[in-house]
Structures are given as structure tokens and as C-alpha cells.
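Whatever order the structure lists them in is the order used to number ligands and atoms, beginning at 1. As the structure is a prediction and not an experimental result, all values here were calculated from the model.
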Amino acid sequence: MYKINENYLKLPGSYLFSNIAKKVAAYKEANPQKDVISLGIGDVTQPLCPAVIDAMHKAVDEMADGTTFHGYAPDLGYEFLRSAIRDNDYKARGVDIALDEIFVSDGAKSDSGNIGDIFAENNRIAVCDPVYPVYVDTNAMSGRTGEYLPEQEKWSNVIYMPCTKATNFAPELPKETPDIIYLCFPNNPTGSTITKAQLQEWVDYANKVGAVIIYDAAYEAYISEDDVPHSIYECDGAKTCAIELRSFSKNAGFTGTRLGFTVIPKELESNGVKLNALWARRHGTKFNGAPYIIQRAGEAVYSEAGKAQTKEQVAYYMNNAKVIMEGLKSAGFHVSGGVNAPYVWLETPDGMTSWDFFDHLLANANIVGTPGSGFGPSGEGYFRLTAFGTYENTLKAIERIKAL
Ligand code: PLP
């Protein structure tokens, strides 16, 4: 008789966003006349920019002609895209990354889950709390997280690093030593960042204790402050301890188009084994490559027109973030984030739980947000609003919150 991976059975309930979707569907069914606005899910709303669309049209035409048709993509991704990444995301910031250290993929969600394949089961992970739930869930699926403790909403073998008001929403170095450290800055859901000097402390720590940092920089394009690093490789010594995850989803609207990449420097070794080689083996065996048309679309993000147009989209969302921040502040809410990230993190009023506030906002303002507790136990008492809506809906939503 075949056996299933029983780690899946340990995962608690359904995924945060399906719980939200169920609640919203029930509310809409009971109140069909209400205009419900979502400032909840982290998906973008602006269409792909013209430079990207032009590149995709051109690539489609190439695929239609036998002399320019493309079949399987190279394992690591096309060189035209990896060169654009190397030059624009790294060289332009003074960071030297080689072409064969860049692995093009279908996005940071897949990479953040799949990267666990190259690590042994008995590694202990440390995560920011709250954070993007995929890190913990995928490690739970691989049997690294121990048992789920429902009353604490924690896993027994995970080191949680609370990021609360008391820590300025940044993690402190853990007291117990982890093997794998997940850092995500700008952070989802808090929108918080750390400075280059603070990130340097993490790099020094990881090199000292022999840990690897998995650095998720999916929101890098939203950084507006000069002392916030765009890449972990801006820190000295990061190449011997860090993997970086990147995405085209939030900077260029590729959530439905799918493209991302992972950087694994060749200096990164465990007992003399290069992680770059392991990931190359895994990538070549288990990943079919991002489609040619999509990689051409990604290349266009780095063209002069693409840079200007995607910058405009980021500015559009960040203007929404400003509207949310200022509106909530004037309504007496305590807010953070929203400066280097499209996420605004607010304290629930009157000691309400995150889910109570979710219900309150849905019933009384017809607004959907995301309960902070869904991102980790330290998210209880907080709530996330996203700036990814349209400007008109964002304004309307904030007026409704002010009128509560
Ligand atoms: N990393 C973080 C921190 C995210 O918040 C998200 C999506 O919300 C992702 C990764 C997913 O990125 P992608 O769309 O490239 O899979």
C-alpha cells in the first residue's frame, strides 16, 4: 500500500486567503446590494505596461516562425534575461553577481518553497513573526517544523522571531541557533524594513554560526529610503551565507504572467558542497524553465521604457499607500509600514482580535483586509491593508473607515 506524506496532515486548517474568500463570499451572498472593496489580497491591479506587452507580441510572432521558434529554455534561463538582471539589479548597485549564479524561475513563491529540496530534513528554521506564510508551511510539508501547537498557533521546532511594535517590526538575533534563517524585507505583511547596517549584523551572525539566510526581496522595488538595502549582497560577506529570492510580480505586475529568479553565489558552501551546484541540479531536473515569451517580457522590464513605466506603477501603488496611511492616522489608528512597501500595518482598535476587526470592517465599511494573526502569532492584534487596489477604490475605502 502506498503511503502519503503525513506532514501534510499536520498543517492547520485551510490557507488564510481561502478563509477570507469564504467569509467574503458568504457576506456578498447575504448582502448582494453592498459594494465590497478589497484591500486584502496582495495581488496587483494595474495591467502589464506597454513595453512588456510589445515584447510579448514580438516574442509570440517569433514563436510562429520556424526560423525564430524557441523550444525548451536553457536550464538557468535565457542569457539575455540573466544579463539584464545581473547588470540592472546587481552591477548598477555595485554588486558583482555572475550569470551562472542567477536562476530564472516562475516566481518567488515556488522558489521559496522549492529551495527546501536542497536542505536536509533536520535543519532548524527561524522565521520573522509575522511573515509570508509560505516559508513555514513548505517547511512543515518537508517535516522540518515539528508538531503544530494549536493553542499557541506555533510549530514546536520553529524559532519564531517576533517583529512587533516593541522591536520596531524588525527581528532580533535569536537566542537559539537556527540553521536556516528566512528574512523578508520589505516585509509582508508589516511593510517594515531594516537598514543596511542592521542587515550586515544578520550576515555577520549567519557567517559566525554557520547558518544560511534565505532573503526574500520580492518587494525591493518599493524601497524609497536610502539606507535600506535592495539586495542582501550589498552587505560584506553575504555571498558565503545568503540566497536571494526575487520576483517580477510586484514591481512589474507579473502575478498572472509568472517570472522570478533566485541568486545562489558559488561561494556558498556546506561542508565543501556548493549550494549553487545542488540548485542547478534540482533546477535542471525538476523545473521546466520559464517560457521564452515570458522571459522576453521580463527582459523588457529592464528596457528604458520598461523601467520608466514600471516605476510609474510602483509610484501609483505607493500613492495609494500614502492615502491609506494618512487617512488611518487622521482617523486615530496606529499605523506602520507603507513607506518602503505597498503594505500598511495597523493596530486593531479597542483590543479587538484581528479576526474581530476583519468582521467589523466587512460588516460596517464593506472593506476586506487581512487579519494579522494569519501571518503568525505575533500578528494578533494587527491588520494588513494593501495599496494594490485602484486609486478610486482606495479613496472610497478610506472615507468609509474614517466614517466608522
Ligand atoms: N514573497 C513574498 C514575501 C510575497 O509576499 C509574495 C506574494 O505575495 C511572494 C514572494 C510571491 O511572489 P511570486 O508572485 O513571484 O511567486
Heavy atom of Asp216, distance to ligand 1 below 4.0 Å: yes
Contact with ligand 1 for Cys184, non-hydrogen, under 4.0 angstrom: yes
Identified side-chain contact (heavy atoms from CB on, under 4.5 Å) partner of Ile102 from the options Arg246, Arg82, Glu244: Arg82
Sub-6.0 Å ring centroid separation between Tyr343 and Tyr219: yes
Shortest heavy-atom approach to atom 8 (O) of ligand 1 - which of Lys109, Lys250, Arg258: Lys250
Partner residues of Asp100 under the salt bridge (charged side-chain N to carboxylate O under 4.0 Å, His left out) criterion, sequence neighbours left out: Lys266
Under 4.0 Å to a heavy atom of Gly107 - the qualifying atoms of ligand 1, by number: 15 (O), 16 (O)
N/O separation below 3.5 Å, Ala108 to ligand 1: yes
Sub-3.5 Å N/O-N/O distance, Tyr343 and ligand 1: no
For Leu81 against Gly298, the heavy-atom pair lying closest together: CD1-C, 3.7 Å
Atom 11 (C) of ligand 1: the protein heavy-atom neighbour that sits closest, reported with distance to 0.1 Å: Tyr132 OH, 3.3 Å
Donor-acceptor under 3.5 Å (Tyr27 side chain, Asp359 main chain): no
Tyr219 heavy atom under 4.0 Å from ligand 1: yes
Closest approach of any protein heavy atom to atom 14 (O) of ligand 1, naming residue and atom: Ser249 OG, 2.5 Å
Audit row: Phe375, Leu16, side-chain contact (heavy atoms from CB on, under 4.5 Å) steps and yes/no: CA-CA 8 Å; Phe375 297 97; Leu16 170 67; 4.0 Å; yes
Any N or O of Asn188 closer than 3.5 Å to N or O of ligand 1: yes
Within 45° cone of Tyr148 ring axis and under 6.0 Å: Lys154 NZ or CZ: no
